[in-house]
Amino acid sequence: MSDSILSQAEIDRLLNGGSNAESESTANNAVQDDGIKPYDPNTQRRVVRERLHSLEIINERFARQFRMGLFNLLRRSPDITAGSIKIQPYHEFARNLPVPTNLNLVHMNPLRGTALFVFSPNLVFMAVDNLFGGDGRFPTKADGREFTPTEQRVINRMLTMALEAYDFAWSSIFKLKTEYVRAEIQVKFTNITSSPNDIVVTTPFYVEIGPHRGEFDICIPFSIIEPLRELLTNPPMENSKQEDRQWRSTLASQVRDTELELVANFSDISTRLSQVMNMQKGDIIPIDKKESIEARVDGVPVFSGKYGCVNNQYALKVEQMMNPALLSLKKE
């Protein structure tokens, strides 16, 4: 009787499919032993290892400038702190947003793409409460509702100040002009990236007024600032403009001393190879004398003039200087 009783291992093997389960487990063990992992192109994130030094400088300048704007609006002295820059997939940023959240889509001209300026509900309620003389003793609860028209007006005023401050913060690095597009409450209507796995660069800003605290985020798709990647990873030196000016003056002086070959083509004669082979000593080739002759440097026309003689030497009298750019436009 005891021989007919199955062991626990045999029962588990039967429940899991018998030999197939064993083969799958051995295959999984082989995969783990070899260190091979499955690869899915749709879920692989892009790795950005460089530290964006210039963007950190921009965020600090923006925090100082936005603080002055909030002080002028609320007549309270806020404390704004720029958090650390996060480089993460867009879906990780979106799933941590509370409801409701004010999502503002903004173009960053001349860069291509759309960024997000995100106001948390705590920041909006704190600004409205302070603007109307409150001290935060009666906190406002969101309860999943939309923002009221009064709250929307306060948000628009804060957003206008934020965009102006952000343009000013970028001015020393890159000339940027932000443009407001529209506002949303639900993150699924933003669509600032083509895929939820696309990498975005987010920076949180923490606003404190007394014991109360709110948060403000700027989310920029990495594809927008990728053309400025080298500029953002290597902050410009203060003396870079002076060095560029010296380099240009040195290059200009060296170009002026460069020797060039000036070629003046007096005439073009069309003939055949057979006629050239039949030419004899003393033959005359007729040439039509042109009224104006072009002088070229490496095939580029420089000036036009007349052919003559000065001090028993052949010479060209310059009549008109030529601009190669204007000549190309005339041909088009």
Side-chain angles (χ1 to χ4, degrees), residues 45-46 48 52 54-56 58-63 65-66 69-70 80-127 142 144 146-147 151-170 173-174 176-207 214-229 232:
R45 69 172 60 181
R46 184 175 181 180
V48 182
L52 304 177
S54 297
L55 191 58
E56 293 177 357
I58 291 171
N59 292 334
E60 292 294 336
R61 290 178 178 173
F62 168 75
Q65 194 71 15
F66 188 51
L70 278 183
I80 302 180
T81 305
S84 59
I85 298 175
K86 299 178 183 178
I87 301 177
Q88 58 187 348
Y90 179 62
H91 66 85
E92 291 187 6
F93 168 75
R95 70 184 179 187
N96 295 324
L97 295 176
V99 178
T101 299
N102 179 251
L103 306 168
N104 300 281
L105 283 77
V106 176
H107 286 327
M108 300 175 62
N109 301 319
L111 303 178
R112 299 183 62 182
T114 306
L116 277 182
F117 281 59
V118 182
F119 292 100
S120 67
N122 291 335
L123 177 61
V124 176
F125 299 150
M126 180 178 64
E146 296 185 358
F147 294 108
E151 292 167 347
Q152 287 285 358
R153 287 195 295 269
V154 175
I155 291 173
N156 292 336
R157 295 177 65 179
M158 288 196 299
L159 179 62
T160 301
M161 294 185 299
L163 296 182
E164 293 177 356
Y166 204 61
D167 292 344
F168 174 80
W170 271 84
I173 305 296
F174 183 79
L176 193 70
K177 181 62 178 177
T178 54
E179 179 185 357
Y180 173 73
V181 181
R182 70 177 190 274
E184 297 288 348
I185 294 181
Q186 298 186 19
V187 70
K188 63 181 179 181
F189 297 133
T190 56
N191 296 328
I192 63 172
T193 58
S194 57
S195 171
N197 295 313
D198 288 347
I199 299 299
V200 294
V201 180
T202 61
T203 306
F205 296 89
Y206 305 103
V207 182
E215 186 174 343
F216 168 64
D217 296 278
I218 297 178
C219 176
I220 305 174
F222 187 77
S223 58
I224 294 181
I225 60 176
E226 190 171 10
L228 307 177
R229 186 170 184 171
L232 294 177

- Name the orientation class of the two ring planes belonging to Tyr90 and Phe93 (parallel below 30°, tilted from 30 to 60°, perpendicular beyond 60°). tilted
- Message: So for atom CZ, which belongs to Phe174, do other residues, nucleotides or ligands contribute more than 12 heavy atoms lying within a distance under 6.0 Å?
- Response: yes
- Any side-chain heavy atom of His107 within less than 4.5 Å of one from Thr178? no
- Ile218 CD1 to Asn59 CG distance, which is reported to the nearest 0.5 Å: 6.5 Å
- Is the shortest heavy-atom distance from the side chain of Met108 to the side chain of Tyr166 under 4.5 Å? yes
- Query: Is there a side-chain contact between Phe147 and Phe125, using heavy atoms and a 4.5 Å cut-off?
  - Reply: yes
- Item | Check against side chain to side chain contact (heavy atoms under 4.5 Å, CB included), Thr202 and Gln88 | CA-CA 8 Å; Thr202 61; Gln88 58 187 348; 3.3 Å; yes
- Leu55 side chain near Val201 side chain, heavy-atom distance below 4.5 Å: yes
- Side-chain touch Thr190/Leu116, heavy atoms, less than 4.5 angstrom: yes
- Query: Are Pro89 and Pro196 close enough that some pair of their side-chain heavy atoms sits under 4.5 Å apart?
  - Reply: no
- Item | side chain to side chain contact (heavy atoms under 4.5 Å, CB included) assessment of Leu123 paired with Glu215 | CA-CA 6 Å; Leu123 177 61; Glu215 186 174 343; over 6 Å; no
- Check: Val118 main-chain N/O paired with Asn102 side-chain donor or acceptor under 3.5 Å: no
- Query: Does Tyr180 have its ring centroid less than 6.0 Å away from the ring centroid of Phe117?
  - Reply: no
- Message: Contact between Val106 and Glu179 at the side-chain level, heavy atoms closer than 4.5 Å - yes or no?
- Response: no
- Query: Taking side chain as C-beta onward, heavy atoms only, is Ile87 less than 4.5 Å from Ile199?
  - Reply: yes
- Got a second to check how far Ile185's CD1 is from Thr101's OG1, nearest 0.5 Å? 9.0 Å
- Step by step, work out the salt bridge (charged side-chain N to carboxylate O under 4.0 Å, His left out) result for Glu184 and Arg182. CA-CA 7 Å; Glu184 297 288 348; Arg182 70 177 190 274; 2.9 Å; yes
- Task: Return the set of residues passing ring pair (Phe, Tyr, Trp, His ring centres under 6.0 Å) with Phe119 (not counting sequence neighbours), or none when no residue passes.
- Result: Phe216
- Item | Distance-only side-chain donor-acceptor flag, Ser194 / Asp198, under 3.5 Å | yes
- Item | Stepwise side chain to side chain contact (heavy atoms under 4.5 Å, CB included) test for Phe205 and Phe62 | CA-CA 10 Å; Phe205 296 89; Phe62 168 75; 3.6 Å; yes
- Message: List the residues meeting salt bridge (Lys or Arg N to Asp or Glu O under 4.0 Å) with Arg153, not counting sequence neighbours, and say none if there are none.
- Response: none
- Query: Distance-only, no hydrogens or angles: does the Thr160 side chain make a donor-acceptor pair with backbone N or O of Asn156 under 3.5 Å?
  - Reply: yes
